[in-house]
Amino acid sequence: MAPSRLLPRPLMSSEQRKAFPFSEFEPKWQGEWEASKAYRTPNPGDTDFDASKPKYFVLDMFPYPSGNGLHVGHPEGYTATDIIGRFKKMNGFNVLHPMGWDAFGLPAEQYAIKTGTHPRVTTEANVANFTKQLKSLGFAYDWDREVNTTDPGYFKWTQWIFLKLYNSYVGDDGKAHPISELEAQGLSRVEIDHRRLAYVSEAPVNWCPQLGTVLANEEVVDGKSEVGGFPVERRPMRQWMLRITAFAERLVKDLEGLDWPDSIKLLQTDWIGRSEGAFVDFEIVHSRSVVVNTQWHPAGSQVVPSNSPLPLHLDPIRVFTTRPDTLFGAEYVVLAPEHPLIAQMLGASVIPTQWPTGTPDSWKGTNENVRDPYNAVSAYCTQASNKKERDRLQEGGKTKTGVFTGVYARNPVCPTKLIPIWVADYVLVGYGTGAIMAVPAHDDRDFEFAQKFELPITQVVQPSSGQNWQGYTGEGIAMNSDFLNGLPTPEAKKKIAAWLEEQGLGKGTTNFKLRDWLFSRQRYWGEPFPIVWENGQHRGLAESELPLLPPTLEDFKPTGTPEPPLSKATEWVQYSATAKRELNTMPQWAGSCWYYLRYCDARNSERFVGEAAEKYWMGGGKPGGVDLYVGGTEHAVLHLLYARFWHKVLFDLGYVSTPEPFQRLVNQGLILGEDGQKMSKSRGNVVNPDDVVREYGADALRLYEMFMGPLEQVKPWSMKGVEGVYRFLARVWRLVMEVDDEGAWSLSKALQDVPANKQLTKALHETIKKCGEDIEKLSFNTAISQMMVCTNAFTGAEVKPAAAIVTFLKVLSPFAPHLAEELNAQIRSKFPALAAKRFLSDETWPAYDPAALIEDEVEVVFQVNGKLRDKARVPIAATKEEIEKIALASARVQEFMDGKPAKKVIVVPGKLVNVVV
RNA sequence: GCCGAUGUGGUGAAAUGGUAAACACAGCAGACUUAAAAUCUGCUACAAGGAAACUUGUUUGCCGGUUCGAGUCCGGCCAUCGGCACCA
């Protein structure tokens with residue numbers, strides 16, 4: 001028989017295993033905070049609102065409540081903002097720190113398709129789960145301000161803002177104005193529809209058959225949908241667009257005044273892609289205009305006259321270029337395959353049915369069977385339009401293809417010089433004018449193309465330093481350029497732009513990469529458009545008809561055609577005998593474009609946000625209203641750009657008081673799995689916050705996430721690290737509590753109402769100082785290590801001074817609010833005068849005493865030639881001369897001076913002495 | 001290809017141009033314990049020498065520069081990660 005002690009022992013209750021009873025007091029305090037509405041934030045107009053306090057609006061990117069629940073990445077940013085919010089509150093600010101749900105979106109809809117469960121049901125369940133999880137972490141949110149984008153009381157205003165966009169245009173001042181101004185000017189319906197910020201377009205879009213919806217360019221990655229990775233094809237469809245491009249200039253410029261990381265500003269700037277240049281018009285010389293000899297063509301051929309008697313007017317080819325100074329080097333013109341002029345030229349038989357005499361074979365395209373330009377061009381264009389975006393990029397990488405149209409254009413600076421017009425898909429229809437002038441000598445792409453297709457390459461820029469001019473794209477001195485010769489690039493640009501304008505051949509202009517925002521989706525679970533169609537025309541609903549609820553549908557499946565699922569709600573669709581509703585819904589971005597505004601006044605049923613509330617919470621004299629916005633980098637471009645756009649429209653129309661929404665932005669870094677890989681189910685390295693809370697408590701989770709490293713950095717998870725901060729919290733617990741004879745926790749006898757000694761006082765005040773500074777800088781990891789140092793100092797003391805420990809708990813409370821609150825309450829039971837009366841969050845952040853930080857003596861290091869050789873403690877008040885004397889007297893210093901005289905002695909008081917020999 | 005971020009012990013990391021490695025994790029040793037866990041105390045960048053206290057040298061991706069002094073500033077390169085990708 002085995003000795004009894006080797007038998008499995010009865011399982012200890014989990015309470016006994018715990019180093020401190022967090023699982024008891026954490027829910028207890030959460031309950032108390034909730035019951036007493038400890039974190040309710042009064043609004044202007046409320047009886048308990050104190051207008052004398054400054055405001056601090058600290059915002060998290062609100063989550064999509066997925067079925068998977070919270071992952072450890074969520075609490076990273078949320079804890080950071082929670083600490084800041086609690087800290088600011090203790091420093092006398094009115095703090096707005098809300099939470100809500102970005103709950104429209106594809107997963108709930110796809111789940112509905114699979115199971116038949118209505119997305120509203122799924123969403124409600126997920127929100128309930130997320131709420132429970134977030135509450136278990138003790139965040140100081142004002143839950144009375146919770147918003148949910150799928151709540152009719154919320155999306156009523158999303159629809160309302162859409163109507164504002166629909167009923168606005170951008171004037172010459174670059175600002176949004178009500179469309180009524182145009183009506184007053186007597187503009188026609190068509191003209192007005194052309195100016196609206198929300199307009200209908202037939203442009204080719206990214207259609208994803210599997211998802212049954214179109215996607216914005218930004219939602220397509222490598223020709224596949226960002227969600228799900230399904231193939232995406234291009235097809236023309238009628239869609240709602242938002243005219244964000246009208247704000248491109250301001251969206252770049254206004255970044256200046258924001259406290260955002262430079263890298264994020266750069267990302268947005270690059271995305272918007274502003275470039276200055278000029279439009280230049282190239283007249284198309286064709287058989288139905290005037291016949292002109294080609295000057296330079298290798299075969300010296302002529303454009304073949306057709307037998308068509310009627311002259312035909314064709315608009316010139318307008319190109320955009322950032323290098324108008326190289327116009328003399330333009331050797332050919334390229335149209336994007338989708339360029340409207342191509343269809344026009346094909347239709348009007350401008351593109352000939354025979355290659356001009358002497359056309360090199362390389363110009364005739366790759367299709368062997370096509371023997372004439374007409375068919376070569378149409379074949380090339382068909383092929384290009386069928387190609388998915390992905391193939392255009394992937395197919396042979398970036399090898400250039402193209403075909404000569406058989407038609408020539410006139411170079412405006414050199415009317416006798418005719419240059420061939422090509423079609424090639426390296427020119428994108430969506431950028432600039434969809435056409436370019438090719439200057440092979442000074443553009444990489446044109447250079448590559450010209451080499452491949454044996455087109456002439458003429459130097460027009462002399463590089464400043466002796467680089468090879470072929471393919472030189474930098475600035476230099478103009479040459480072979482008539483009246484530009486000898487001018488440096490910037491001057492040449494100015495001169496040619498002025499000349500073009502004078503001649504009516506072109507115009508200086510600014511262009512952007514940014515395209516208008518494709519705003520409609522063929523989905524069920526999104527905001528319906530407040531639009532009806534009658535007699536082929538759209539019209540906005542009256543405000544009084546909002547919110548427009550989605551129809552109740554049993555069948556959410558995509559129709560398999562571009563017809564949205566809402567078409568299945570036949571009754572709902574029929575607005576009146578003659579009018580039908582718009583069937584598209586808004587994209588998920590819509591709700592997140594303005595949620596921060598709703599938080600200011602979440603229950604207002606009269607207005608999207610009350611005026612006084614908006615002025616107070618979003619005001620403050622800075623361009624951005626939200627004081628701190630924390631979220632992931634994945635939203636660095638889209639969400640932030642869209643929200644800024646909407647905000648500017650609302651600002652122009654006078655609905656909000658700042659031109660920008662977010663003043664300070666911080667991106668938290670991704671948390672990786674313990675294996676250093678991205679957390680994912682398939683890798684099996686996902687950490688569930690619920691498990692961490694169960695094992696170590698919410699405070700330990702919060703603290704660990706902040707202790708891991710700098711907030712912005714990508715960092716791997718470590719359960720051992722969680723244990724480390726858990727042990728720290730247990731040490732704090734034992735400063736106050738000890739196990740009594742019954743094995744229960746009771747107040748420590750070492751805890752006494754005595755003043756702290758000099759050493760402890762210093763440690764405490766250093767901690768107050770450093771933590772305050774570090775919280776402002778969001779350097780939570782170093783703040784925590786300072787609290788550890790402080791705790792270690794207190795642990796080493798025989799007697800624990802109660803008042804000093806309460807002060808310490810105040811500093812700890814933003815980080816570990818439950819433990820701090822519990823220990824404060826424990827101390828209050830014996831020392832009511834020393835502890836906080838109610839909650840620590842009601843207390844004032846302690847002030848540090850600079851005098852407590854100063855010591856009588858400091859350690860000064862002595863260097864010889866920059867190398868550390870000796871140290872000594874010297875009085876803090878010692879003069880430079882005295883310190884120098886002490887240093888030179890040091891035996892070690894003398895030894896390393898090796899008898900040589902000191903050439904120079906640098907003395908940094910309180911720090912070091914460096915003797916140079 | 002272009003743009004950006006990062007690079008420091010076995011690990012996460014810290015350092016207004018002024019003692020590199022604070023604070024943790026892991027490891028080692030000791031105390032407590034019948035024992036273990038927990039807790040407490042100490043050691044712990046690397047190399048060489050020394051019984052030891054200690055001494056000397058080297059070290060912040062690599063190469064150079066500025067400076068009395070560089071992880072930090074400047075120039076060049078390399079690697080990893082992220083973004084963009086024919087934007088004229």
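So you know, we letter chains A, B, ... as the sequences are listed, proteins then strands, and number each from 1.
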Select one nucleotide: of B:A15, B:C40, B:C68, the one nearest the side-chain heavy atoms of A:Arg734. B:C40
Go through B:A14, B:C23, B:U19 for me and flag the one nearest to the A:Pro710 side chain. B:A14
Between A:Pro440 and A:Ile457, what is the shortest heavy-atom contact and its length? CB-CG1, 3.8 Å
Taking the C1' atom in each of B:U56 and B:U39, what is the distance between them to the nearest angstrom? 40 Å
Quick check: any donor-acceptor pair below 3.5 Å linking the side-chain of A:Lys903 to the base of B:C68? no
Side-chain N or O of A:Lys715 versus OP1/OP2 of B:G12: is the shortest distance under 4.0 Å? no
Hey, does the side chain of A:Tyr426 come within less than 4.0 Å of B:A88's phosphate (OP1/OP2), counting only N and O? no
Under-3.5 Å donor-acceptor pair between A:Glu859 side chain and B:U19 base: yes
Answer with base, sugar-phosphate or nothing: what part of the nucleic acid does A:Phe896 contact at a heavy-atom distance below 4.0 Å? sugar-phosphate
Using the P atoms only, state how far B:C2 lies from B:U59, rounded to an integer number of Å. 33 Å
Under 4.0 angstrom between A:Arg727 side-chain N/O and B:C40 OP1 or OP2: no
Using atom NZ of A:Lys400 as one end and atom P of B:C86 as the other, report the distance to the nearest whole Å. 9 Å
Compute the centroid of each ring, for A:Tyr696 and then for A:Tyr704, and state whether the two points are separated by less than 6.0 Å. no
Under 4.0 Å between a side-chain N or O of A:Asn781 and OP1 or OP2 of B:A14? yes
OP1, OP2 of B:U19 versus side-chain N and O of A:Lys871: anything below 4.0 Å? no
A:His339 atom NE2 is separated from B:A88 atom P, nearest whole Å, by 17 Å
Reckon A:Gln713 has a side-chain N or O less than 4.0 Å from the OP1 or OP2 of B:C81? no
Which nucleotide in the list B:C3, B:C68, B:U41 gets nearest to the side chain of A:Arg731? B:U41
At less than 4.0 Å, is any side-chain N or O atom of A:Asn792 found next to OP1 or OP2 of B:A24? Yes or no. yes
Examine B:G57: is either OP1 or OP2 under 4.0 Å from a nitrogen or oxygen in the side chain of A:Arg869? Give yes or no. yes
Closer than 4.0 Å, any side-chain N/O of A:Ser275 to the OP1 or OP2 of B:A88? yes
